[in-house]
Enquirer: 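Below is one structure. I have some questions about it.
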2 protein chains.
Amino acid sequence: MTPDVAALVAMTLDAVIVAVSQGRPRLLVVDEPGQLPALPSGPLDVERDATLELGLRRWVRSRTGLEVGYVEQLYTFGDRDRRPDAGPQRQVSVGYLALVEETEPPLDARWIDVYALLPWEDQRDAEPSPEEAAIRAALASWVAAGPDADVRRERAERVAVNFGPPWDGIRALERYELLYGAHLLPEWARDTGSPPPSVDTGIALRFDHRRIAATALSRLRGKLTYRPVVFELLPERFSLLELQHTVEALAGITLHKQNFRRLVERSGLVEGTGQRARSQAGRPAELFRFRPSVQRERPRPGVGVPYR
Amino acid sequence: MTPDVAALVAMTLDAVIVAVSQGRPRLLVVDEPGQLPALPSGPLDVERDATLELGLRRWVRSRTGLEVGYVEQLYTFGDRDRRPDAGPQRQVSVGYLALVEETEPPLDARWIDVYALLPWEDQRDAEPSPEEAAIRAALASWVAAGPDADVRRERAERVAVNFGPPWDGIRALERYELLYGAHLLPEWARDTGSPPPSVDTGIALRFDHRRIAATALSRLRGKLTYRPVVFELLPERFSLLELQHTVEALAGITLHKQNFRRLVERSGLVEGTGQRARSQAGRPAELFRFRPSVQRERPRPGVGVPYR
DNA sequence: CTGAATTATGCTCACTGGGAGCATTATAGG
DNA sequence: CCTATAATGCTCCCAGTGAGCATAATTCAG
């Protein structure tokens, strides 16, 4: 039972590099003529890279000039059909999540709105967007089109659990997979050679990269609640409203302003600097900074997002 | 920036197969003469296994006869030195967590107490065990032995955060890595050719398998709080005390009995069956069963473990 | 200079969920 | 019948959190 045999596979490291600006979460994609956008992706240098993460950092630096701060391994994708273009060799991708303060779009790459990829994940508006309404309608048809009562019940169940209420932001990946399984995504059509679906489900990426992006969003939303990762996306000093907008952008929901302030101040997550923000309209806000020692005081310091 | 190059690596699938019996969490290991125990590990069948998870299920079934229920990908380990025995080819392991009801130890394998591997992770006793006390003392020496004040402060910080109070069960992996970095584990000695440490830090496994086990424990403890995974480890019907003991075994802490009952009943996680447990001493307990529809009602149904 | 608009900040009130412990019930074994 | 043991029921208290009102400190239009 010991690994007398190991499979030889082709491995790449794919990065979901996330930033938040103007209240929108964004991720880095690269374009190639005549192709869908793709996540930045690079090889491991088997000789030089002592660890996978170092390999990721190395090629992200060399190809985009970005020095990423927070990096976390996401998931390893190795389905047989994930790269139908690539012949019989199994193509394995180790996906990583990286967080950066937004900078100029680096070489060859551009920032793209996460909710342009996954429009149904933005629940910040009271009313669902037209796209989301259409997707929900298409899901309802899919439920109704089940061949028998059992299948219909099971489909209804899955839609109810994943699309709420209550809305669970962390289920982003499951929602993506449900839409795939309901044949509502162009990726499904591409993978099976079927005609494309009629609903608009946002911008698709190449290969399974949109799925990787959904994985990243799920993970990031989860992490938010128990580790102080938001601060990786913010400048050293920020107002509480900037912090709140960043959290809201990632979580995809809106929060109560006064309560957010109370939560974040009383939890010891931040401390005031005495400085004031350059004021535009209204009372100028105090600038805060992250308070790292919170990690000594509270076991799981995060911004408790009330997914209801 | 697209993967024009992918690295060729040797990949295995390693499984942390967990069960709970007699109030102790256990995992499956395999022995080979003259070697430390190892996690069961097998290759991907590049042609037949459509997905990595199916590959794992296939070889676990064929080698151990176990049909695992819940399976979840844990992490991908690809450090250069993780398999110093294996030559220049990079050895990548995709670790999986699998949960089963405990059965007879299957072919060639045996169950081993998780806390025999990670003794400091069991915080159920009011008093720390002798091993744990020794480990804490060794950590204190390591802090004090830092070359300068900055290093000592940073070490003290890490020890304080990870070994509490407050105790955070989810930091099992970080604690393992801290002990490794403090040169208190035989794995470190083995990897660096140093003399073995003098403290007893529990049973080591081959390669980086104890680290993979620590990863599994961290993940499982986290999952417990927001997904109803405990029930994968229990029979169809169980008393609330059995449920509580299973949770406690995994979480490594004890819980207040009446409050646990209240939590688990009021949350809709279980429902009574009207049946009574075969009684030994004391009032016979009612048998409960998992109530799957809880997932439709509550976004993140789990057993909220109060790591303080 | 004044008032409206805008944003930050302070505070209260009600509710809920969880921590702790006391009380009662149902069984086995003598 | 009495005691030990475990299950179950219930209360009290407190911290956290959802909701909203009130006040402070600015900018900007007139």
Side-chain angles (χ1 to χ4, degrees), chain A residues 23 126 165-167 224-226 237-248 251 253-288 294 297-308, chain B residues 23 126 165-167 224-226 237-248 251 253-288 294 297-308:
Chain A
W167 177 262
L224 219 49
T225 68
Y226 66 94
R237 282 142 200 265
F238 46 82
S239 73
L240 292 186
L241 192 61
E242 284 164 354
L243 174 59
Q244 179 178 349
H245 282 155
T246 306
V247 171
E248 289 177 333
I253 59 173
T254 56
L255 303 170
H256 183 287
K257 187 168 170 177
Q258 295 94 317
N259 290 347
F260 181 80
R261 156 181 298 269
R262 179 178 63 190
L263 174 77
V264 94
E265 273 196 291
R266 290 231 288 234
S267 66
L269 223 46
V270 298
E271 61 191 359
T273 63
Q275 289 178 49
R276 305 271 135 182
R278 194 184 56 72
S279 60
Q280 33 267 19
R283 177 172 172 173
E286 183 171 4
L287 291 180
F288 287 75
V294 69
E297 302 154 10
R298 315 201 322 137
R300 317 188 60 198
V303 285
V305 180
Y307 291 121
R308 261 150 305 184
Chain B
W167 178 260
L224 219 49
T225 68
Y226 65 95
R237 280 141 201 267
F238 47 82
S239 73
L240 293 186
L241 193 60
E242 284 164 352
L243 175 59
Q244 180 179 348
H245 282 154
T246 305
V247 171
E248 289 176 333
I253 59 173
T254 55
L255 303 170
H256 184 286
K257 188 169 169 176
Q258 296 95 314
N259 290 347
F260 181 80
R261 156 181 297 271
R262 179 177 63 188
L263 175 77
V264 95
E265 275 195 288
R266 289 228 291 230
S267 66
L269 223 45
V270 299
E271 62 192 357
T273 64
Q275 288 177 50
R276 306 270 135 184
R278 195 184 53 72
S279 60
Q280 31 268 19
R283 176 170 172 174
E286 182 170 6
L287 292 180
F288 288 75
V294 69
E297 302 154 10
R298 313 201 321 137
R300 317 189 59 197
V303 285
V305 179
Y307 292 120
R308 258 150 308 184

Enquirer: Any donor-acceptor pair under 3.5 Å joining the side chain of B/His256 to the base of C/dG21?
Expert: yes
Enquirer: Tell me: CG of B/Leu240 to C1' of D/dA6, nearest whole Å?
Expert: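 After rounding, the reported distance stands at 13 Å.
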Enquirer: Side chain of B/Arg283, base of D/dT8: donor and acceptor closer than 3.5 Å?
Expert: no
Enquirer: Starting at atom CG of B/Leu241, determine the distance to atom P of D/dT8, rounded to an integer number of angstrom.
Expert: 9 Å
Enquirer: Sequence neighbours left out, what passes ring-ring contact (aromatic ring centres under 6.0 Å, His included) with B/Phe238? Give chain and number order.
Expert: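 For B/Phe238 the ring-ring contact (aromatic ring centres under 6.0 Å, His included) partners, ignoring immediate neighbours, are B/Phe231.
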Enquirer: Between C/dC15 atom P and B/Arg266 atom CZ, what is the distance in whole Å?
Expert: 16 Å
Enquirer: Does B/Arg262 reach a base, just sugar-phosphate, or nothing at all? Heavy atoms under 4.0 Å.
Expert: base
Enquirer: Side chain to side chain contact (heavy atoms under 4.5 Å, CB included), that's the test. Do A/Phe288 and A/Val264 meet it? Break it down for me.
Expert: CA-CA 11 Å; A/Phe288 287 75; A/Val264 94; over 6 Å; no
Enquirer: Starting from the 5' end of DNA chain C, give me the residue, B/Arg276 or A/Ala281, whose nearest nucleotide shows up first.
Expert: A/Ala281
Enquirer: According to salt bridge (charged side-chain N to carboxylate O under 4.0 Å, His left out), does anything in residues 255-264 of chain A pair up with another residue at least two apart or in another chain? List the pairs.
Expert: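 Checked against salt bridge (charged side-chain N to carboxylate O under 4.0 Å, His left out) - neighbours excluded - the pairs reaching residues 255-264 of chain A are A/Arg261-A/Glu265.
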Enquirer: Let me know the distance between CG of A/Leu269 and C1' of D/dG16, rounded to the nearest Å.
Expert: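 Result: 16 Å.
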Enquirer: Do B/Asn259 side-chain and C/dG18 base share a donor-acceptor contact under 3.5 Å?
Expert: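 No pair found.
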Enquirer: How many whole angstroms separate atom CD of B/Gln244 from atom P of D/dA6?
Expert: 13 Å
Enquirer: As a test of reading the structure: which of D/dA25, D/dT8, C/dT9 is closest to the side chain of A/Arg261, going by heavy atoms?
Expert: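 So the nucleotide nearest the side chain must be C/dT9.
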Enquirer: When rounded to the nearest 0.5 angstrom, what is the spacing between CZ in B/Arg276 and CD in B/Glu286?
Expert: 5.0 Å
Enquirer: Looking at D/dA6, I'd like to know if its phosphate oxygens (OP1 or OP2) sit under 4.0 Å from a side-chain N or O belonging to B/Lys257.
Expert: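 B/Lys257 to D/dA6 OP1/OP2: no side-chain N or O under 4.0 Å.
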Enquirer: Hey, could you give me the CG/CD distance between B/Leu255 and B/Glu248, rounded to the nearest 0.5 Å?
Expert: 4.5 Å
Enquirer: Rounding to a whole Å, what distance do you find between B/Phe260:CZ and C/dG17:P?
Expert: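 In whole Å, C/dG17 P lies 17 Å from B/Phe260 CZ.
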Enquirer: How long is the line joining CD of A/Gln258 and C1' of D/dA24, in whole Å?
Expert: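 After rounding, the reported distance stands at 14 Å.
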Enquirer: A/Leu255 CG to D/dG20 P: how many Å, rounded?
Expert: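 Taking atom P of D/dG20 as the reference, CG of A/Leu255 is at 15 Å.
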